[in-house]
Amino acid sequence: MFQNTFPDKAVMADLMAKMLWECKAVHFRPEQPYKLASGLHSPVYIDCRKLLSYPRIRSAIMDFAAATLLSDVGFEQFDCIAGGETAGIPFAALLADRLALPMIYVRKQPKGHGRGAQIEGVMPEGARVLVIEDLTSAGTSIFTFINAVRAAGGVVDHGMALFFYGIFPEAEARFVNGKIQMHHIATWRNVLKIAREQKLFDDEKLGSVEEFLNAPVKWSAAHGGVSELPTA
Ligand SMILES: O=P(O)(O)OC[C@H]1O[C@H](OP(=O)(O)OP(=O)(O)O)[C@H](O)[C@@H]1O
Ligand SMILES: O=C(O)c1cc(=O)[nH]c(=O)[nH]1
């Protein structure tokens, strides 16, 4: 269960950024851009799945997630935690355990055999569901999961991405249009702050990451990726 400590948000953000660096989850490959879920091409990629492999790190991250939700939303505001396939699922299980709540998970698409279900587990009609993802960048995937839960009778007013890019106005527009309040622990701003403080990127690398973060869609279009993002 959760230990009921509520660290300052800035402390949690910096610590998560340090953890991402420590477990080598921050990747940089401008010569062969990463293709993201949204179709964007990017010189950088954060692999939050690696957090799971480090018990002390994943435990602290779950404490931070619980502290963020309890202080920002409330103590009795959720009936269920839903993880999005795939990377959201293990974090949903850990967080549900921390908050002593039921857990479900949501497939990207309904299963093609068996019960044909998109939602796995038990979700009572009208349940207040928190949908959790490991990471949100352009904000495209989380709505697949939110829409499925809503269609099945769940109430989703809040989403959580442990890491949020925080650079896409299109993502913010999607949250407003989709009536979702998003919560996160850390963003790229925190990752870059630690990179500067600990000299983890030289000036040239820092400059090229910032070039992408300041104009990601333009960078993507110039490197073979999509040149626009949906806002709804
Ligand atoms: O904000 P978005 O543009 O939606 O991008 C973020 C999504 O990308 C990753 O999932 P991915 O599709 O790589 O699948 P996985 O979880 O199965 O690894 C991540 O887990 C988010 O779901
Ligand atoms: O947008 C994505 O697909 C994405 C970006 C990123 O940094 N990490 C990740 O797992 N997915």
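All ligand and atom numbering here is 1-based and tracks the order in the structure. Side chains are part of it too, since the values below use all heavy atoms of this structure and drop only hydrogens, waters and symmetry mates. From a predicted model like this one, the values you see are computed outputs, not experimental measurements.
Classification of the Tyr165-Phe163 ring pair by plane angle, with boundaries at 30° and 60°, yields perpendicular.
The side-chain hydrogen bond (donor to acceptor under 3.5 Å, both in side chains) test with Asp72 is passed by exactly one of Gln77, Lys9, His158: Lys9.
Against a heavy-atom cut-off of under 4.0 Å, Leu135 is close to the following atoms of ligand 2: 4 (C), 5 (C), 6 (C), 7 (O), 8 (N), 9 (C), 11 (N). Listed by number with element, the atoms of ligand 2 under 4.0 angstrom from any heavy atom of Ile46 are 6 (C), 7 (O), 8 (N), 9 (C), 10 (O). Against a heavy-atom cut-off of under 4.0 Å, Ser137 is close to the following atoms of ligand 2: 1 (O), 2 (C). Each of the following atoms of ligand 2 lies closer than 4.0 Å to a heavy atom of Arg49: 10 (O). Applying the 4.0 Å criterion to heavy atoms of Ala37 picks out, from ligand 2, the atoms 1 (O), 2 (C), 3 (O).
At a heavy-atom cutoff of 4.0 Å, ligand 1 is surrounded by Ala37, Ser38, Arg49, Glu85, Thr86, Ala87, Lys108, Glu133, Asp134, Leu135, Thr136, Ser137, Ala138, Gly139, Thr140, Ser141.
At least one N/O-N/O distance between Tyr165 and ligand 2 falls below 3.5 Å.
Phe201 meets the ring pair (Phe, Tyr, Trp, His ring centres under 6.0 Å) test with Trp21, Phe28; sequence neighbours excluded. Residues forming a side-chain hydrogen bond (donor to acceptor under 3.5 Å, both in side chains) with Arg58 (at least two apart in sequence, or on another chain): none.
Scanning all protein heavy atoms for the shortest distance to atom 11 (N) of ligand 2 gives Tyr45 CE1, 3.5 Å.
With salt bridges taken as basic N to acidic carboxylate O contacts below 4.0 Å, none links Lys179 and Asp157. We find that Glu197 and Lys193 are joined by a salt bridge, their nearest charged nitrogen and carboxylate oxygen being less than 4.0 Å apart.
A 4.5 Å side-chain heavy-atom check between Thr144 and Val106 finds every atom pair outside the cut-off.
Sorted by first and then second residue, the pairs that involve residues 29-54 and meet ring pair (Phe, Tyr, Trp, His ring centres under 6.0 Å), not counting sequence neighbours, are Tyr34-Tyr45.
Residue Met12 comes nearest to Pro7 through the heavy atom pair CE-O, 3.4 Å, listed as atom of the first residue, atom of the second, then distance.
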